[in-house]
Amino acid sequence: MLKYPRLFEPLAIGNVVFRNRLFSAPQGYYNVGADNLPSLEEVAFFERKAIGGFASVSVGDCMVDSKTGVHYPYLIRMEDPNTLPGLSAIASAITRNGAVASAELNHAGMYARFIKDPGGLSFGPDLAGDASARDSGPAGGTLYGPVYDADGKYGEVEAMSEEMILGIISKYGKAAAWAKRCGFNMVTIHGGHGWLLTQFMSPFVNTRSDSWGGSFENRMRFPLAVVDCIRENVGRGFPIEIRISGSECKEGLYGIDEGVKIAMALDGKVDILHISAGHHEYDDTSIITHPSMFLEDGVNVKYAAEIKKHVKTPVATVGALTDPAMMEEIIASGKADIVEMARQTLADPDLPLKARLGKDDDIDKCMRCCVCFTNIGAHRYLRCSINPSIGRELEERNSVTPQRSRKRVLVAGGGVGGMQAALSCAKLGHEVILCEKESRLGGILRCESSVPFKKRLEEYLDRQALRLSRALVEVRTGTEVTPDFASSLQPDAIIAALGARPVVPQIPGIGGAGVIGAVELYADPSKAGDSLAIIGGGLVGVELGLFMAGLGKRVTILEALGALSLGAFGMHTMALLAELKRLGLVVHTGVRVKSIGDAGVSCEGAGGAFTVAADTVVYATGQRPLRDEAIALSGCAPEFHMLGDCIVPDNILAATSAAYTIAKNVGRM
């Protein structure tokens, strides 16, 4: 008897049977070459989700019009005939593993940044025969949409002509036909998050006065024409999914009532109504589209549930869904027929297989740390903090581990890096001893165990500890690894993952009463007074401030740099800034802390000297790598490795990635 019978009930739509109700939602893949053609790495990335048991795997950001609709330069161009072998390989990799392959079709409309950016080249000659199309788009990079003028964010937007509208509708149909030719079994129309279809459907954005705008019927004319054109090109029985925002979740944009009307207009004309939420152009609603760690699990299910009351077409929900028990309840209670996941497929692409086997405690749940988004923005490839194999799927698939002798490996340090190193070494057949100085595995991150928005982190640490208890690893807690101790074990290899310790800033008064380090306060929140001054506006200081503000404390953050040090390209940064505003924290940047005294914290800023009164002063001013302690172990074994914060303090992704790789290198010679 299956633990989750509703989740694993097959679903027949048209000529396709989905093996369960768990779909891998559209995700783009941006690690491509200058030709923007699908690569072998991309094939392996999407195949991994199918191997993990998802019923459908959707390839995101397949652009239907490269001359007017591209928002980034490195997206799949469905007009390019050279995509045939790559897209065919992706579709084959998905379908031969038992999943339905879907291509997400999109047009950016008035947010086609790449077309607008000076010097941006659109994809060369179009298939209609325009051999001179290698420019920055029509009219030298003009943005087009259903409006005569947008909000000025990207300059003036020109209304699409009738001829252009009909041409783009036709391109949706041709793109769908191309997807079908390449072997895809379904297409997903992106009609949400602010892209072109949303722009036409929106009563706030679509300001046209012709038959393509104004009334609800006219605003729906374009998306319905797109659906009809696709149907004409793919035929009956070929599933068409459409993703819409049930609500755009922002004043001045549409809400759930309009979302219901849109869904009802599409009911019976598409095969799946995929109900998302939000709008990608506004930070405060983009972090609802991609729910932050500050939002509850399944935060957007309510939109799908409301729409399902009014339609007969199967409804899919998406957003902050990681728990099979919650997913089962969603299906069983009739809130939705399908559950879709995106970031969760990175954290654990095997979720369907594990859930079917009842191995819930082995499912890695997305922490919503948004490191995946950060890496896309910074490096244009996907990584996951807790799954070091993501982005390395081709390497994993093709790797052949050479036959090596079994080594005795000592891992010094039981934080995230040490635990991953021990697990990876054990998996490769080595004899592993893991030693941790504290009484509990997890390292310095255990101090955040009482932080509500970090509950997934605590669960991850517990899950890694559980895996170690089940693996062939000897775990010794309360054990400090000194050179003498390490030598006594006679290891063949040592992996030093000793971590780092907080830096105490040299500020007059730092040793006084009421002054405490961030780690100590995280571990014991009762030590905080009613008002706090936090010295340090990095990730540790800001998250601590939010935690304290959530407990009702008055918080002021003091940062020496001109801005908070939260990192670029961050969806998590957006969420942090939104929470700072919501909770009313006071932030001073560009300030120098001069001293700490009974009156509070004396500071110097651009406007002169000032004092911040506080019952408790907290320092969150960085960490000192335990580098010397690690280096002291280097002569205690023939093979020696260091990883994680004892080299340079960094994030979970850096630690787990290094641990995963170093384990493969143990015993290489």
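Note that the structure is predicted; figures quoted are calculated from it, not measured.
For the salt bridge (charged side-chain N to carboxylate O under 4.0 Å, His left out) condition, the pairs that include at least one residue of residues 368-377, sequence neighbours left out, are D297-R368. The salt bridge (charged side-chain N to carboxylate O under 4.0 Å, His left out) contacts involving residues 299-314 comprise E306-K309, K308-D337, where partners must be two or more places apart or lie in separate chains. Sorted by first and then second residue, the salt bridge (charged side-chain N to carboxylate O under 4.0 Å, His left out) pairs with a member in residues 2-19 read K3-D360, E9-R21; sequence neighbours excluded. Residue pairs meeting the salt bridge (charged side-chain N to carboxylate O under 4.0 Å, His left out) criterion with at least one member in residues 415-426, sequence neighbours excluded, do not occur. Residue pairs meeting the ring pair (Phe, Tyr, Trp, His ring centres under 6.0 Å) criterion with at least one partner in residues 4-25, sequence neighbours excluded, are F18-F23.
Ion pairing of E41 with R397 is absent here, as no side-chain N (NZ or NE/NH1/NH2) approaches a carboxylate O to less than 4.0 Å. Salt bridge annotation for D348-K365: absent, with no cationic side-chain nitrogen under 4.0 angstrom from a carboxylate oxygen. Taking the charged nitrogens against the carboxylate oxygens, E579 and R582 do have a contact shorter than 4.0 Å, which makes a salt bridge.
Listed here is the closest heavy atom pair of A99 and F54: CB-O, 3.3 Å. Of all non-hydrogen atoms in I363 and A355, the two that sit nearest each other are CD1-N, 4.2 Å.
Taking the six-membered ring for Trp and thresholds of 30 and 60 degrees, W195 and H71 have ring planes inclined between 30 and 60 degrees apart. Taking the six-membered ring where the residue is Trp, H379 and Y381 present parallel rings, their angle staying beneath 30° rather than reaching 60°.
Within a 6.0 Å sphere centred on CD of E251, heavy atoms belonging to other residues, nucleotides or ligands number 12 at most. The environment of L472 atom CG is sparse: at most 12 non-hydrogen atoms of other residues, nucleotides or ligands sit within 6.0 angstrom.
Between M571 and S286, the closest side-chain pair of non-hydrogen atoms falls below 4.5 Å. Looking at P349 and L351, their side chains never come closer than 4.5 Å, going by heavy atoms from C-beta outward. Counting only heavy atoms from C-beta outward, the side chains of I90 and I94 approach each other to under 4.5 Å. Between I338 and V315 there is no side-chain heavy-atom pair separated by less than 4.5 Å. In this structure, the side chains of T656 and N387 stay at 4.5 Å or more apart for every pair of heavy atoms. Proximity of M326 to L321: side-chain heavy atoms (C-beta onward) are separated by under 4.5 Å at one or more points. A heavy-atom distance below 4.5 Å is found between the side chains of V432 and V411. Between V451 and M293 the shortest side-chain heavy-atom distance does not fall below 4.5 Å.
Remark: E459 engages R456 in a salt bridge (charged side-chain N to carboxylate O under 4.0 Å, His left out) (not counting sequence neighbours). Among residues two or more places apart in sequence or in another chain, the salt bridge (charged side-chain N to carboxylate O under 4.0 Å, His left out) test is passed with R476 by E474. Taking the ring pair (Phe, Tyr, Trp, His ring centres under 6.0 Å) definition, one finds that F294 meets it with F453, sequence neighbours left out. In this view, E543 and K454 satisfy the salt bridge (charged side-chain N to carboxylate O under 4.0 Å, His left out) rule, not counting sequence neighbours. With sequence neighbours excluded, no residue satisfies ring pair (Phe, Tyr, Trp, His ring centres under 6.0 Å) with H310. For T95, the side chain to side chain contact (heavy atoms under 4.5 Å, CB included) test picks out A101, N185, with sequence neighbours left out. Applying the salt bridge (charged side-chain N to carboxylate O under 4.0 Å, His left out) rule to K553 yields no partners; only residues at least two apart in sequence or on another chain are considered.
Using a distance-only test at 3.5 Å, with no hydrogens or angles considered, a donor-acceptor pair links the side chain of T289 to the main chain of A277. Listed for the T374 side chain is a donor-acceptor partner under 3.5 Å among the backbone atoms of C370. Under the 3.5 Å distance criterion, the side-chain polar atoms of S245 are matched with a main-chain donor or acceptor of G278. Under the 3.5 Å distance criterion, the side-chain polar atoms of Q464 are left unmatched by any main-chain donor or acceptor of L423. Looking only at distances, a side-chain donor or acceptor of Y522 sits under 3.5 Å from a matching main-chain atom of L544. Within the 3.5 Å criterion, the main-chain N or O of E520 finds no donor-acceptor partner in the side chain of D524. Between the side chain of E393 and the backbone N or O of G391 there is at least one donor-acceptor pair closer than 3.5 Å. Counting only distance, with no hydrogens or angles, the side chain of H190 and the backbone of G192 share a donor-acceptor pair below 3.5 Å. A donor-acceptor contact shorter than 3.5 Å links the side chain of Q344 to the backbone of C366. Looking only at distances, a side-chain donor or acceptor of T313 sits under 3.5 Å from a matching main-chain atom of G268.
In this model, a donor atom of one side chain and an acceptor atom of the other lie less than 3.5 Å apart for D61 and Y30. Side-chain atoms of H193 and T198 include no donor-acceptor pair closer than 3.5 Å. Between the side chains of K250 and T285, no donor-acceptor pair of N or O atoms lies under 3.5 Å. For the residue pair Q420 and S424, a side-chain donor N or O sits within less than 3.5 Å of a side-chain acceptor on the partner. Checking E104 against T188 by side-chain atom types alone, no donor-acceptor pair falls below 3.5 Å.
Expressed to the nearest 0.5 Å, how far CE of M574 lies from CZ of F373 amounts to 9.0 Å. One distance of note links CG of L576 with CG of L539; it measures 6.0 Å at 0.5 Å rounding. Considering CZ of F184 and CG of L87, their distance stands at 5.0 Å, rounded to 0.5 Å.
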What do the steps show when you test E396 against K664 for salt bridge (charged side-chain N to carboxylate O under 4.0 Å, His left out), and what is the final call?
-> CA-CA 11 Å; E396 281 285 293; K664 290 186 175 184; 3.0 Å; yes
R446 vs D462, salt bridge (charged side-chain N to carboxylate O under 4.0 Å, His left out): CA-CA, chis, key distance, verdict = CA-CA 10 Å; R446 285 292 190 183; D462 288 345; 2.7 Å; yes
Run the numbers on E340 and R243 for salt bridge (charged side-chain N to carboxylate O under 4.0 Å, His left out), then give the verdict.
-> CA-CA 11 Å; E340 305 215 15; R243 168 185 270 191; 5.3 Å; no
Starting from the C-alpha separation in whole Å, work towards a yes-or-no answer on salt bridge (charged side-chain N to carboxylate O under 4.0 Å, His left out) for R96 and E47.
-> CA-CA 9 Å; R96 70 172 178 258; E47 181 180 31; 3.3 Å; yes
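Among the candidates R467, R463, R470, the single residue satisfying the salt bridge (Lys or Arg N to Asp or Glu O under 4.0 Å) test with D362 is R467.
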